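Below is one structure, written out as structure tokens, with a few remarks after it.
Remember, it's 1-based here, ligands and their atoms both numbered in the order they're listed. Here the structure is a predicted model, which is why all the values come from computation and not from measurement.
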Amino acid sequence: MVLGATGSIGSSTLDVLDRNRHAFEVLALAANSSVEPLIDTCRRFRPRYVVLRDEGAARELAERLPAEGLAGIEVGAGDAALCDVAAHPEADQVVAGIVGAAGLEPTLAAVRAGKTVLLANKECLVTAGALFMDEARRAGAAIIPVDSEHNAIFQVFPSAGHVAGVSGIQLTASGGPFRARPLADLAEVTPEEAVAHPNWDMGPKITVDSATMMNKALEVIEAHWLFGLPPERIRVLVHPESIVHSLVEYLDGSLLAQLGHPDMRTPIAAALAYPDRITSGVPSLDLATVAALHFEAPDFDRFPALTQAFRALEAGGTAPAVLNAANEVAVEAFLAGRLDFLGITRVIAATLDAAEPAPADSLEAVRAADARARERAGDILAREGR
Ligand code: NAD
Ligand code: MG
């Protein structure tokens, strides 16, 4: 089952599935509102169910499918239907590829139903990490990271029970399109420049997150929950080529890495087939052609998002959910031309300052903190924005 089937992760997943039809069957697809691409995907994969969050779009799809010769595919609509399909008894693996905090509830439904969850939606762990991992343990759900850095760590991490030998992890970051841009010039960058990532082809929100380095910031929090490591054992390493996808440090001085082309089909295929391997469509890497790899320490002054994430992680409770919500509001405003680039982390800082600390011990607490943070970020934007 693919949640977020029309997005960048969804399309890469379907590409890998297409190459491995003997091993997988697509039970269901879910997305927000796009009808046209889903009709194509239905033709290719003949799923049993399609669910759209948007009810109008779902009605349109339900009318169109029979006319396209695709009768028999059941169409669902709305948030409750998304959660139901994610927990469908016949689904084994659920790819969590919805963008943003909207992905939390359907993904949690899959976790509670004990599915193997292939997790791309990092916002689940950022907003509700403790809750999410507890529910997974309780339900016996396996969480397999799809995010390339976390999948790399997953590939080289020792098997459960031997984590005592791990001294830390290093998350690599390309540094995004503005890695070398002086602080004074960052105020002027446009949404068009920010959505042009030098190495990865991704959805617009995560591409802006890469430009502010908020993506890496969210990934620090994601790694904390996935691998059970304290913040001081998680480091960020800038690596402009995006070939080394992350590293695990061991007590004996060993540093193990996973390398490959920057193409999400590799981590998706590794997650789908785990512990086996399948083809992904990504060619093998010729290091002689790559020739040189570069690494540098991140610049916390030009990219304050990194410091904000470490602080939110230290503060705990709902602070990471507040950070995430403020970021979603600020990125949307930036993409719409209502906020300058440096305003993104300014809005986040002001929202974090205004938030009261609260424990993130229930979905309701997380939802309430998320809603309050969106409201506050909106107010701050009204003052800060243009
Ligand atoms: P995208 O914008 O390309 O696609 C988002 C998908 O989510 C679409 O199918 C859309 O229909 C669906 N969606 C959006 N809002 C929804 C809602 N309220 N209900 C149901 N469906 C909804 O995003 P993407 O780049 O594919 O990213 C998806 C997730 O994967 C994000 O959490 C991102 O951080 C993570 N991720 C992406 C990449 C990448 O290379 N694109 C890499 C690592 C992690
Ligand atoms: Mg990543």
Side-chain angles (χ1 to χ4, degrees), residues 1-16 28-38 41 50-55 57-58 61 76-86 95-107 109 117-127 144-154 171-176 195 197 199-210 213-223 226 236 239 242 244-246 258 260-268 271 282 324 327-328 331-332 335:
M1 144 138 27
V2 186
L3 303 176
T6 56
S8 162
I9 289 290
S11 318
S12 297
T13 302
L14 292 163
D15 184 274
V16 175
L29 302 169
N32 189 23
S33 60
S34 16
V35 171
E36 221 52 55
L38 274 175
T41 312
V50 180
V51 178
L52 286 176
R53 190 200 52 87
D54 185 279
E55 309 213 347
L61 182 68
D79 289 321
L82 280 174
C83 292
D84 288 347
V85 81
V95 176
I98 293 176
V99 64
L104 175 60
E105 291 185 39
T107 309
V117 175
L118 281 51
L119 189 69
N121 179 283
K122 62 196 77 182
E123 292 89 346
C124 284
L125 288 174
V126 172
T127 57
I144 305 188
V146 165
D147 206 347
S148 56
E149 298 75 4
H150 307 72
N151 185 267
I153 292 167
F154 182 76
L171 295 175
T172 50
S174 69
V195 297
H197 195 282
N199 306 339
W200 295 95
D201 179 10
M202 310 181 285
K205 191 258 175 184
I206 182 175
T207 310
V208 175
D209 286 348
S210 298
M213 289 196 76
M214 180 52 83
N215 183 45
K216 211 51 51 183
L218 300 178
E219 289 182 356
V220 167
I221 303 174
E222 181 185 14
L226 278 172
V236 173
H239 165 47
S242 300
V244 175
H245 296 305
S246 278
Q258 183 258 356
H261 288 288
D263 187 321
M264 286 308 292
R265 291 176 301 173
T266 296
I268 290 169
V282 182
N324 179 69
N327 181 52
E328 287 189 22
V331 169
E332 197 186 314
L335 284 171

### Among Ala120, Cys124, Pro204, Pro267, closest by any non-hydrogen atom to atom 44 (C) of ligand 1
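Among Ala120, Cys124, Pro204, Pro267, the closest heavy atom to atom 44 (C) of ligand 1 belongs to Ala120.
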
### Task
Identify which of Glu105, Met264, Arg265 has a heavy atom lying nearest to atom 42 (C) of ligand 1.
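Ranked by closest heavy atom to atom 42 (C) of ligand 1, first place is Met264.
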
Counting from 1, what ligand 1 atoms have a heavy atom of [X] closer than 4.0 Å?
X      : result
Ala31  : 11 (O), 20 (C), 21 (N)
Ala5   : 9 (O)
Met202 : 39 (C), 40 (O), 41 (N)
Ile206 : 25 (O), 33 (C), 34 (O), 36 (N), 37 (C), 38 (C), 42 (C), 43 (C), 44 (C)

### Query
Should Ser34 be listed as contacting ligand 1, given a heavy-atom distance under 4.0 Å as the test?
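No, Ser34 has no heavy atoms under 4.0 Å from ligand 1.
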
Would you name the heavy atoms of [X] and [Y] that are closest together and state the gap between them?
X      : Y      : value
Ala102 : Val99  : CB-O, 4.1 Å
Ser8   : Gly203 : CB-N, 3.7 Å
Pro145 : Asn151 : O-ND2, 2.9 Å

Distance from [atom] to nearest protein heavy atom, with residue and atom:
atom                    : value
atom 25 (O) of ligand 1 : Gly203 N, 3.0 Å
atom 43 (C) of ligand 1 : Asp147 OD1, 3.1 Å
atom 9 (O) of ligand 1  : Thr6 OG1, 2.7 Å
atom 19 (N) of ligand 1 : Arg53 CD, 3.5 Å
atom 29 (C) of ligand 1 : Ile98 O, 3.5 Å
atom 41 (N) of ligand 1 : Ser8 OG, 3.1 Å
atom 2 (O) of ligand 1  : Val99 CG1, 4.0 Å
atom 26 (O) of ligand 1 : Ile9 N, 2.9 Å

### Query
Does Glu149 come within less than 4.0 Å of Lys122, counting only side-chain N to carboxylate O?
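Answer for the salt bridge query: no.
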
### Query
Would Val95 and Val146 satisfy side chain to side chain contact (heavy atoms under 4.5 Å, CB included), going step by step from the backbone distance to the final call?
CA-CA 9 Å; Val95 176; Val146 165; 5.5 Å; no

I'd like to check whether [X] has a polar contact with ligand 1, where a contact means an N/O of the residue lying under 3.5 Å from an N/O of the ligand.
X      : value
Leu82  : no
Ser148 : no
Glu123 : yes
Asn32  : yes
Gly10  : no

### Task
Have a look at Asp147 and say which of its N, O or S atoms is nearest the Mg ion (ligand 2).
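Output for this pair reads OD1.
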
I need the [X] [atom1] to [Y] [atom2] distance, nearest 0.5 Å.
X      : Y      : atom1 : atom2 : result
Ile98  : Thr107 : CD1   : OG1   : 6.0 Å
Met202 : Ser12  : CE    : OG    : 11.5 Å
Ile9   : Leu14  : CD1   : CG    : 11.5 Å

### Query
His245 pairs by side chain to side chain contact (heavy atoms under 4.5 Å, CB included) with which of His261, His239, Gln258?
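Of His261, His239, Gln258, side chain to side chain contact (heavy atoms under 4.5 Å, CB included) with His245 is met by Gln258 alone.
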
### Query
Taking everything shown except Glu332 itself, do over 12 heavy atoms lie less than 6.0 Å from its CD?
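Result for CD/Glu332: open.
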
### Message
Distance alone, cut at 3.5 Å: any donor-acceptor contact between the side chains of Ser242 and Asn199?
### Response
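Present: a donor and an acceptor within the cut-off.
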
### Message
Between Leu3 and Asn121, does the side chain to side chain contact (heavy atoms under 4.5 Å, CB included) criterion hold? Intermediate values first, please.
### Response
CA-CA 10 Å; Leu3 303 176; Asn121 179 283; over 6 Å; no

### Query
How many degrees, to 10°, between Glu219 OE2 and Glu149 OE1 as seen from the Mg ion (ligand 2)?
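Once rounded, the angle between the two atoms at the Mg ion (ligand 2) is 100°.
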
#### Entry: Side-chain (Asp54) to main-chain (Asn32) donor-acceptor, under 3.5 angstrom
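It does not hold such a pair.
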
